[in-house]
Amino acid sequence: MTSFNPVSVYPTIDKTAFIGPFSSIIGDVRIKKEVFIGCNVTIRADEGTPFHIGNKTNLQDGVILHGLKNMQLTVHNEQYSIYLGNKVSAD
């Protein structure tokens with residue numbers, strides 16, 4: 001819970017995803033199949049939510065994702081703060 005979002009929502013992480021050491025995944029984050037999240041990655045869906053991280057996406061060491069409150073986009077008729085499709089790579 002934060003002052004931006006009074007409801008606690010935990011991440012949904014597929015069992016095939018790899019989460020590197022010292023990474024933080026906070027809030028309504030939906031991590032799909034075969035995702036790689038490297039060391040020291042921060043994914044903060046504590047202000048803007050939800051986040052979608054598609055299949056086989058690759059987030060390398062030190063990447064930071066932080067969504068802003070009331071800043072959303074529509075993908076497939078659903079609202080997201082951050083949406084990464086399948087096979088996206090960020091470093």
Side-chain angles (χ1 to χ4, degrees):
M1 272 190 307
T2 67
S3 60
F4 297 117
N5 195 346
V7 179
S8 290
V9 179
Y10 293 95
T12 303
I13 303 171
D14 188 86
K15 65 181 179 179
T16 62
F18 173 82
I19 310 299
F22 308 109
S23 292
S24 297
I25 303 169
I26 301 165
D28 190 0
V29 179
R30 302 156 191 183
I31 298 174
K32 300 302 182 178
K33 295 178 182 179
E34 299 179 37
V35 169
F36 176 87
I37 295 178
C39 302
N40 297 308
V41 170
T42 301
I43 303 173
R44 288 183 50 199
D46 56 347
E47 183 179 343
T49 76
F51 291 8
H52 172 92
I53 301 175
N55 297 323
K56 298 185 179 181
T57 289
N58 173 16
L59 302 179
Q60 287 294 311
D61 300 7
V63 167
I64 299 171
L65 300 178
H66 182 223
L68 300 176
K69 185 177 181 182
N70 300 322
M71 299 292 291
Q72 293 191 317
L73 62 126
T74 302
V75 180
H76 306 298
N77 295 320
E78 292 191 42
Q79 296 284 316
Y80 295 94
S81 179
I82 291 180
Y83 185 95
L84 299 177
N86 297 331
K87 299 181 180 178
V88 173
S89 185
D91 56 8

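- Residues Ile13 and Leu59 are members of one and the same hydrophobic cluster, defined by side-chain heavy-atom contacts under 4.5 angstrom among Ile, Leu, Val, Met, Phe, Trp and Tyr.
- With sequence neighbours excluded, the residues forming a side-chain contact (heavy atoms from CB on, under 4.5 Å) with Asp14 are Thr16, Lys33, listed by chain and number.
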Show me the side-chain donor-acceptor pairs of residues 80-91 shorter than 3.5 Å, one per line, residues at least two apart or across chains.
| residue | atom | partner | partner atom | Å |
| --- | --- | --- | --- | --- |
| Asn86 | OD1 | Asn55 | N | 2.8 |
| Ser89 | OG | Asn58 | ND2 | 3.4 |

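- Here Phe36 is tied into one hydrophobic group with Phe18, each link being a pair of ILVMFWY side chains closer than 4.5 Å.
- Closest approach of Pro11 to Ile25, counting heavy atoms only: CG-O, 3.5 Å.
- Transitive grouping of hydrophobic side chains (ILVMFWY, heavy atoms separated by less than 4.5 Å) keeps Ile26 and Ile37 in distinct clusters.
- Separating the CG atom in Leu73 from the NE2 atom in His52 is a distance of 11.0 Å, to the nearest 0.5 Å.
- Heavy-atom minimum distance, Ala17 versus Ile31: CB-CG2, 3.9 Å.
- With hydrogens and angles ignored, the 3.5 Å screen pairs no side-chain donor or acceptor of Thr12 with any backbone N or O of Asp28.
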### CA sep, side-chain torsions, deciding dist, call: Val9, Thr49, side-chain contact (heavy atoms from CB on, under 4.5 Å)
CA-CA 10 Å; Val9 179; Thr49 76; over 6 Å; no
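- When every heavy atom of Cys39 is checked against every heavy atom of Ser23, the shortest pair comes out as C-OG, 3.8 Å.
- Considering every non-hydrogen atom in both Phe51 and Ile43, the closest pair reads CD2-CG2, 3.5 Å.
- Not one N or O on the side chain of Asp46 forms a donor-acceptor pair closer than 3.5 Å with the backbone of Gly27.
- When all heavy atoms of Glu47 and Lys69 are compared, the pair lying nearest together is OE2-N, 3.2 Å.
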